[in-house]
Amino acid sequence: MRSLTFIVGTGRSGSSALSRIVNRHPDILSLNELYASLGSTAFPTEPITGARFRRILTDPNPVFDTLTRSGVPLPEFLYIRRPGRYAAETTGIPALSLMVLPHLTDDPDGLLDEVADEVSGWPPRPVARHYVALFELLAARFGRSAVIERSGYSLGWVPRLSTAFPTARFVHLFRDGPDCALSMSRHCGYRAIALLREVVERSNVTDLSELTPDHVRALPADLSALLGDRFDGQRLIMDREMPVEGFGALWSELVTEGVGLLAELPEERRMTLAYEDLLDAPERELARLAEFAGVTPRADWLAAGRAELRDGSRGSALRLPDAELATLRERCAPGTRALGRA
């Protein structure tokens, strides 16, 4: 098996830029937002056929299609920038096509056909073995020797990923808490996440899949509407008053849990990468990442990486009013301590 590395984090930490940088390395297969795209269907517990694995890869992500139909697609949705034969309004966009394949090729529809045809005939086996075969297929297709998957909002996936891929390595990418929380507060995806978490909490369930019609009827109208096939995304998500301090608490919760989960891995299977360190010393930090992932940190790649990184958003939280910034820092304090950056 080729070396496999997962970059995990809260998201809004420079991770999309890092995926673009990783994709420039001629030896790395960059899987951009693979598990974010597949969502809760990604890891069935029982062995599955190739035909079912194909459905996991190609069935649309219903939440993402609903956001697109509702006028609030995530900026990370690469497919809709240059749409092909799939659309959220009609066919639904295959999960693998939304962010993974357009990151690799200008012909995501063609590559999807190749992948779907190949995996359909694979024999029944645990899903992790299907993924390894998929990684091998794509790495061979693009002539890459190592695989790096990077998804935002992915720290909670660490136990599943480390169990499924017991030799995989993990990079925890993180960013200054107040800056990250402020970025979350302005992002349609994280605003939707916060609201859907509220739905789950109010309904006293552990996952959206457990909601019943009675649960939905008991919700306030502005929350139950989010569970429909289409809604007014601008009004219900973007125009809603959502204090940034709530996103500071979310950041702390995700980071604190994630640090604990990563600490359970052997030290040689994990490393940390701070966004601010990437900005301050890009060649040094990218070289660390490359060596950890098992590839050579080529000089031309390091130079391209430096050019990709921009520090315009560093310190963005400092522009908040003093009282708001103080509250935000308080909410971020637990996560900052968990990172050892207090």
Side-chain angles (χ1 to χ4, degrees), residues 8-12 15-16 31-44 55-81 83 86-103 108 112 149-157 160 183-203 205-213 215-217 219-240 242 246-247 250 253-254:
V8 295
T10 63
R12 310 312 297 161
S15 51
S16 294
L31 297 176
N32 176 58
E33 306 273 17
L34 173 63
Y35 290 112
S37 299
L38 303 182
S40 60
T41 67
F43 281 99
R55 292 196 300 274
I56 289 173
L57 300 178
T58 61
D59 283 354
N61 183 311
V63 174
F64 289 164
D65 271 359
T66 296
L67 289 174
T68 300
R69 286 192 298 270
S70 301
V72 283
L74 274 59
E76 292 84 357
F77 292 173
L78 300 178
Y79 188 86
I80 63 176
R81 297 181 189 176
Y86 302 103
E89 295 280 355
T90 53
T91 59
I93 299 172
L96 200 64
S97 298
L98 194 57
M99 296 181 279
V100 181
L101 299 185
H103 182 70
L112 181 70
E149 193 277 344
R150 194 281 311 169
S151 288
Y153 199 70
S154 54
L155 284 167
W157 285 79
R160 277 174 287 186
S183 181
M184 288 177 173
S185 75
R186 296 169 174 173
H187 186 276
C188 55
Y190 283 85
R191 293 173 73 88
I193 285 169
L195 293 170
L196 292 175
R197 283 166 60 97
E198 182 179 349
V199 167
V200 167
E201 182 178 346
R202 282 175 175 263
S203 303
V205 296
T206 58
D207 188 81
L208 289 172
S209 64
E210 300 173 17
L211 292 174
T212 66
H215 286 132
V216 176
R217 282 192 291 270
L219 291 167
D222 61 340
L223 289 179
S224 64
L226 299 175
L227 303 173
D229 187 61
R230 183 195 302 268
F231 53 84
D232 185 343
Q234 185 64 38
R235 180 176 64 86
L236 292 178
I237 293 181
M238 298 310 296
D239 293 343
R240 184 189 297 255
M242 298 181 72
F247 293 92
L250 173 62
E253 177 187 333
L254 297 174

Exercise. Hey, is the main chain of Thr212 close enough, under 3.5 Å, to the side chain of His215 for a donor-acceptor pair?
Worked result: yes
For this session: List the steps and the verdict of side-chain contact (heavy atoms from CB on, under 4.5 Å) for Leu67 and Ile237.
Result: CA-CA 10 Å; Leu67 289 174; Ile237 293 181; 4.0 Å; yes
Problem set entry | Minimum-distance pair of heavy atoms, taken over all atoms of Arg191 and Ser185 | NH1-O, 2.7 Å
Problem set entry | Arg55: partners by salt bridge (charged side-chain N to carboxylate O under 4.0 Å, His left out), with sequence neighbours left out | none
For this session: Would you confirm whether Ser154, through its side chain, and Gly9, through its main-chain N or O, come within 3.5 Å as a donor-acceptor pair?
Result: yes
Problem set entry | Donor-acceptor contact below 3.5 Å, side chain Ser203 vs main chain Val199 | yes
Exercise. Would Val200 and Asp207 satisfy side-chain contact (heavy atoms from CB on, under 4.5 Å), going step by step from the backbone distance to the final call?
Worked result: CA-CA 6 Å; Val200 167; Asp207 188 81; 6.0 Å; no
For this session: Begin with the C-alpha distance, continue with both residues' side-chain angles, and end with the deciding distance and a verdict on side-chain contact (heavy atoms from CB on, under 4.5 Å) for Leu208 and Leu196.
Result: CA-CA 8 Å; Leu208 289 172; Leu196 292 175; 4.1 Å; yes
For this session: Without swapping roles, check the side chain of Arg202 against the backbone of Leu219 for a donor-acceptor pair under 3.5 Å.
Result: no
Exercise. Is a side-chain donor or acceptor of Ser70 paired with a backbone partner of Phe231 at a separation under 3.5 angstrom?
Worked result: yes
Exercise. Looking only at heavy atoms, what is the nearest atom pair of Pro60 and Asp65, with distance?
Worked result: CB-OD2, 3.2 Å
Exercise. Mind checking whether Phe77 and Phe64 have ring centres under 6.0 Å apart?
Worked result: yes
Problem set entry | For the student: nearest non-hydrogen atoms of Leu74 and Cys188, plus distance | CA-SG, 3.9 Å
Exercise. For Met99, does its backbone N or O pair with a side-chain atom of Asn32 as donor and acceptor, under 3.5 Å?
Worked result: yes
Problem set entry | Rounded distance [0.5 Å steps], NE2 in His187 versus CD1 in Ile193 | 8.5 Å
Exercise. Looking at NE2 of His103 and CZ of Arg150, how far apart are the two atoms once the value is rounded to the nearest 0.5 Å?
Worked result: 8.0 Å
For this session: Keeping the roles fixed (side chain from Arg81, backbone from Pro75), state whether a donor-acceptor pair exists under 3.5 Å.
Result: yes
For this session: Heavy atoms only: give me the nearest Leu236-Leu195 pair and the separation to one decimal.
Result: O-CD1, 3.7 Å
For this session: Please say whether more than 12 non-hydrogen atoms of neighbouring residues, nucleotides or ligands are located less than 6.0 Å from CZ in Arg240.
Result: yes
Exercise. Aromatic rings Tyr86 and Tyr79: how do their planes relate, parallel, tilted or perpendicular, breaks at 30° and 60°?
Worked result: tilted
Exercise. How far apart are the closest heavy atoms of Tyr190 and Phe247, and which atoms are they?
Worked result: O-CE2, 3.5 Å
Exercise. At what distance, to the nearest 0.5 angstrom, does OG of Ser97 lie from CG of Asn61?
Worked result: 12.5 Å
For this session: Would you confirm whether Arg230, through its side chain, and Arg69, through its main-chain N or O, come within 3.5 Å as a donor-acceptor pair?
Result: yes
For this session: Determine the minimum heavy-atom distance between Ala42 and Tyr35, stating which atoms define it.
Result: CB-CD2, 4.0 Å
Problem set entry | Contacts of type salt bridge (charged side-chain N to carboxylate O under 4.0 Å, His left out), residue Asp239, not counting sequence neighbours | none
For this session: Run the numbers on Thr10 and Leu250 for side-chain contact (heavy atoms from CB on, under 4.5 Å), then give the verdict.
Result: CA-CA 9 Å; Thr10 63; Leu250 173 62; over 6 Å; no
Seminar exercise, completed: Between the OG1 atom in Thr58 and the CD1 atom in Ile93, the distance rounded to the nearest 0.5 Å is 13.5 Å
Exercise. So, the side chain of Glu33 versus the backbone of Glu76: is there a donor-acceptor pair under 3.5 Å, distance only?
Worked result: no
For this session: Could you tell me the separation between the CG atom of Leu34 and the CG atom of Leu101, rounded to the nearest 0.5 Å?
Result: 9.5 Å
Seminar exercise, completed: Given the options Ser37, Ser151, Pro94, Pro108, Val100 meets side-chain contact (heavy atoms from CB on, under 4.5 Å) only with Ser37
